[in-house]
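These notes are about the structure you will find just below.
First the proteins, then the strands, lettered A, B, ... as listed; each starts at 1.
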Number of protein chains: 2
Amino acid sequence: MSLPRAKLVKNFPGCPVEATLSFLDGKWKGVILFHLMQGTLRFNELRRKLPAVTQRMLTKQLRELEESGLVSRTVYPVVPPRVEYKMTPLGTTLKPVILALAAWGEEHVFCSPEAASEGFEACATALQS
Amino acid sequence: MSLPRAKLVKNFPGCPVEATLSFLDGKWKGVILFHLMQGTLRFNELRRKLPAVTQRMLTKQLRELEESGLVSRTVYPVVPPRVEYKMTPLGTTLKPVILALAAWGEEHVFCSPEAASEGFEACATALQS
DNA sequence: CTGAATCCTCGTTGATACTG
DNA sequence: CAGTATCAACGAGGATTCAG
């Protein structure tokens, strides 16, 4: 494996589970990663995927993901500005983890038809390939 | 599946990943679950496994895990008090998730020989059975 | 469109001491 | 041993405004 190691921004953890969780810290990183698994997204596209997140928070979490080396940020020098976010190669190694999280959430938490109809399951299974 | 659904303590999430993460929220739940995967543990045994956590926080996180239905708490009416914590059947369904988190942490975060020598890998693989 | 800069609140966490 | 109680501090996160 020649991938760069994930950068530990905060204190060194005492356990690998804690280590991984520290990268998903904050309230939105897991969800951001989940959506970026499906491909590159622009800033406002991400905002629409995360109806509850503040602009400020989305920016902040994205910066932290970038600093961790899980997400890359590409700025196109055009007017109006265009900024695209996508997973880095290191970020894609988190796919099995995100999928495990999503699968458990679907199986043991979600129950409403609304949630089921949003296509989480189809999305997740499609990403398994 | 006849298991009870995990109880959503806080706001209803908009995504299954967020849902699962909400159960691992707080700084220690993931690690607690990781250690309880290996079997029942008493309160002070858990404290020794989590050198950095305060007594107050450990109690709080355990209560939240109990409220979520992931961990059970058994009090033995003896002197001195004896309280045992173990995963519920629902909690054990999180094993694949915890293992995924642990595996990624080992692969992409940990690098120090000290950490490696603590037997995380051996522990995790042993639990796969 | 994609942010940065402020200000402010509220919850989480730590420290410490006490108890059955 | 396994907690509870209380106080204080910090910082994550929200609301709002300004900018290239």
Side-chain angles (χ1 to χ4, degrees), chain A residues 8-15 18 21-33 35-36 39-68 71-86, chain B residues 8-15 17-18 21-32 35-36 39-68 71-86:
Chain A
L8 279 168
V9 178
K10 303 193 174 181
N11 292 334
F12 195 81
C15 153
E18 183 187 351
L21 252 17
S22 73
F23 289 99
L24 304 179
D25 202 27
K27 254 194 316 217
W28 307 105
K29 294 207 188 71
V31 193
I32 292 173
L33 255 12
H35 287 296
L36 285 183
T40 302
L41 286 174
R42 297 183 53 178
F43 186 78
N44 268 9
E45 289 175 330
L46 268 171
R47 281 191 76 181
R48 281 188 285 275
K49 302 264 189 186
L50 284 353
V53 68
T54 306
Q55 186 182 47
R56 167 182 151 65
M57 270 293 113
L58 182 54
T59 301
K60 192 178 169 225
Q61 306 272 300
L62 283 167
R63 287 296 136 81
E64 290 176 14
L65 286 170
E66 191 188 0
E67 191 180 358
S68 301
V71 164
S72 68
R73 176 173 177 268
T74 308
V75 182
Y76 294 91
V78 297
V79 173
R82 177 187 183 86
V83 181
E84 288 185 348
Y85 294 90
K86 66 174 298 192
Chain B
L8 279 169
V9 177
K10 303 192 174 182
N11 291 334
F12 196 81
C15 153
V17 174
E18 184 187 351
L21 252 18
S22 73
F23 289 98
L24 304 178
D25 203 26
K27 255 193 318 215
W28 306 104
K29 294 207 188 70
V31 193
I32 292 172
H35 288 296
L36 285 183
T40 301
L41 287 174
R42 299 181 54 176
F43 185 79
N44 269 9
E45 288 174 332
L46 268 171
R47 280 191 77 181
R48 280 187 284 274
K49 302 263 187 186
L50 284 353
V53 68
T54 60
Q55 188 182 44
R56 178 192 189 293
M57 279 321 296
L58 182 55
T59 301
K60 192 180 170 225
Q61 306 272 300
L62 283 168
R63 289 293 138 79
E64 290 175 14
L65 286 170
E66 191 188 1
E67 191 180 359
S68 300
V71 164
S72 67
R73 175 171 177 271
T74 309
V75 182
Y76 295 90
V78 297
V79 174
R82 176 186 184 87
V83 181
E84 288 185 347
Y85 293 91
K86 66 175 298 192

Problem - Side chain of A:Val83 (C-beta onward), nearest among C:dG3, D:dG13, D:dA2 - result: C:dG3
Problem - Value in whole Å for how far the C1' atom of C:dA4 lies from CG of A:Leu58 - result: 14 Å
Practice task
Compare the minimum distances between each of D:dC1, D:dG14, C:dG3 and the side chain of A:Tyr85, then state the nucleotide with the smallest one.
Solution key: C:dG3
Problem - A:Arg42 CZ - C:dC1 P separation (whole Å) - result: 8 Å
Handout entry: Contact pattern, 5' to 3', of nucleotides 15-20 of chain C - B, S or - by protein heavy atom under 4.0 Å
Key = B----B
Completion exercise
Hits for side chain to side chain contact (heavy atoms under 4.5 Å, CB included) against A:Val78, two or more places apart or cross-chain, chain-then-number order -> A:Tyr76, A:Arg82
Exercise for the section: Could you check which of C:dG3, D:dT4, D:dG13 has an atom nearest any side-chain atom of A:Thr59? Expected result: C:dG3
Practice task
For B:Glu64 and C:dT13, give me the distance from atom CD to atom P, rounded to whole Å.
Solution key: 8 Å
Exercise for the section: Calculate the interatomic distance between A:Met57 atom CE and C:dC10 atom C1'; express it in whole Å. Expected result: 14 Å
Exercise for the section: Check DNA chain C against residues 46-53 of chain A and give the residues with a non-hydrogen atom under 4.0 Å, in numerical order. Expected result: none
Residues 55-63 of chain B, side-chain donor-acceptor partners within the protein, below 3.5 Å, at least two apart:
unit_1  : atom_1 : unit_2  : atom_2 : d
B:Thr59 : OG1    : B:Gln55 : O      : 3.0
B:Gln61 : OE1    : B:Trp28 : N      : 3.3
B:Gln61 : OE1    : B:Lys29 : N      : 3.4

Practice task
Using only side-chain N and O atoms of A:Gln61, determine if any of them is under 4.0 Å from OP1 or OP2 of D:dG13.
Solution key: yes
Practice task
Output all residues satisfying side chain to side chain contact (heavy atoms under 4.5 Å, CB included) with B:Val83, sequence neighbours left out; order by chain, then residue number.
Solution key: B:Arg73, B:Val75, B:Tyr85
Practice task
Nearest whole angstrom, please: distance from the P of C:dT2 to the CZ of A:Phe43.
Solution key: 7 Å
Practice task
For B:Glu18 and D:dG13, give me the distance from atom CD to atom P, rounded to whole Å.
Solution key: 12 Å
Exercise for the section: Return the angle between end axes of the helix from C:dC1-D:dG20 to C:dG20-D:dC1, with five pairs used per end and rounding to 10°. Expected result: 50°
Exercise for the section: Ignoring backbone atoms, test whether B:Lys27 places a side-chain nitrogen or oxygen under 4.0 Å from the OP1 or OP2 oxygen of C:dT13. Expected result: no
Fill in the blank from the handout: Between CH2 of B:Trp28 and C1' of C:dT13 the distance, given in whole Å, is 11 Å
Exercise for the section: Find the distance B:Lys60:NZ to D:dT6:C1' and express it as a whole number of Å. Expected result: 15 Å
Problem - Taking every non-hydrogen atom, the tightest pair across A:Leu21 and B:Gly30 - result: CD2-CA, 3.8 Å
